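To keep things clear, I will list the structure first and then write my remarks on it.
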Amino acid sequence: MIESATREAIKDIGYDQEGFSWKTADIEILLHAQSADIAVGVDAAGNKMRARATRASCSAMPAARPRR
């Protein structure tokens with residue numbers, strides 16, 4: 001799943017040439033658990049971002065405007 005998504009992303013940006021191709025690229029998947037210290041920092045930063053986003057107006061966040 002991760003490898004196919006990675007290949008698809010490489011293909012989408014146009015890498016299909018001698019020396020590097022989405023078809024034959026050597027893709028290594030190296031996942032491990034996130035450190036507890038990092039998790040705390042990420043959660044705190046995420047909470048701040050959500051607070052700012054809820055106070056921001058639609059003009060400051062064009063993507064948040066309703067689509068017609």
Side-chain angles (χ1 to χ4, degrees):
M1 182 170 123
I2 295 172
E3 182 175 343
S4 62
T6 303
R7 287 193 190 284
E8 211 38 53
I10 295 169
K11 180 182 176 184
D12 286 349
I13 59 176
Y15 279 109
D16 192 12
Q17 56 199 358
E18 187 177 332
F20 189 81
S21 171
W22 64 272
K23 297 173 194 168
T24 59
D26 184 21
I27 297 171
E28 293 183 43
I29 301 167
L30 307 169
L31 300 175
H32 57 84
Q34 182 174 333
S35 131
D37 292 336
I38 292 173
V40 169
V42 169
D43 287 345
N47 289 337
K48 288 178 186 174
M49 291 303 293
R50 278 190 289 281
R52 287 186 194 127
T54 56
R55 290 191 304 265
S57 68
C58 285
S59 63
M61 297 175 33
R65 290 186 201 145
R67 295 183 182 185
R68 296 175 188 186

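Keep in mind that the numbers below use all heavy atoms, side chains included, and drop hydrogens, waters and symmetry copies. Being a predicted model, the structure only gives us computed values, none of them experimental.
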Before you tell me yes or no, could you show the steps for Leu31 and Ile2 under side-chain contact (heavy atoms from CB on, under 4.5 Å), namely the whole-Å CA-CA distance, both residues' side-chain angles and the distance that decides it to 0.1 Å? CA-CA 11 Å; Leu31 300 175; Ile2 295 172; 3.6 Å; yes
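Screening residues 12-25 for salt bridge (Lys or Arg N to Asp or Glu O under 4.0 Å), with sequence neighbours left out, gives Asp16-Lys23.
Within the model, atoms OG1 of Thr24 and CZ of Arg7 stand 7.5 Å from one another, a figure rounded to the nearest 0.5 Å. Atom CD of Glu28 is separated from atom CD of Glu3 by 11.0 Å, given to the nearest 0.5 angstrom.
Phe20 is linked by a side chain to side chain contact (heavy atoms under 4.5 Å, CB included) to Ile10, Tyr15, Ala25, counting only residues two or more places apart in sequence or in another chain.
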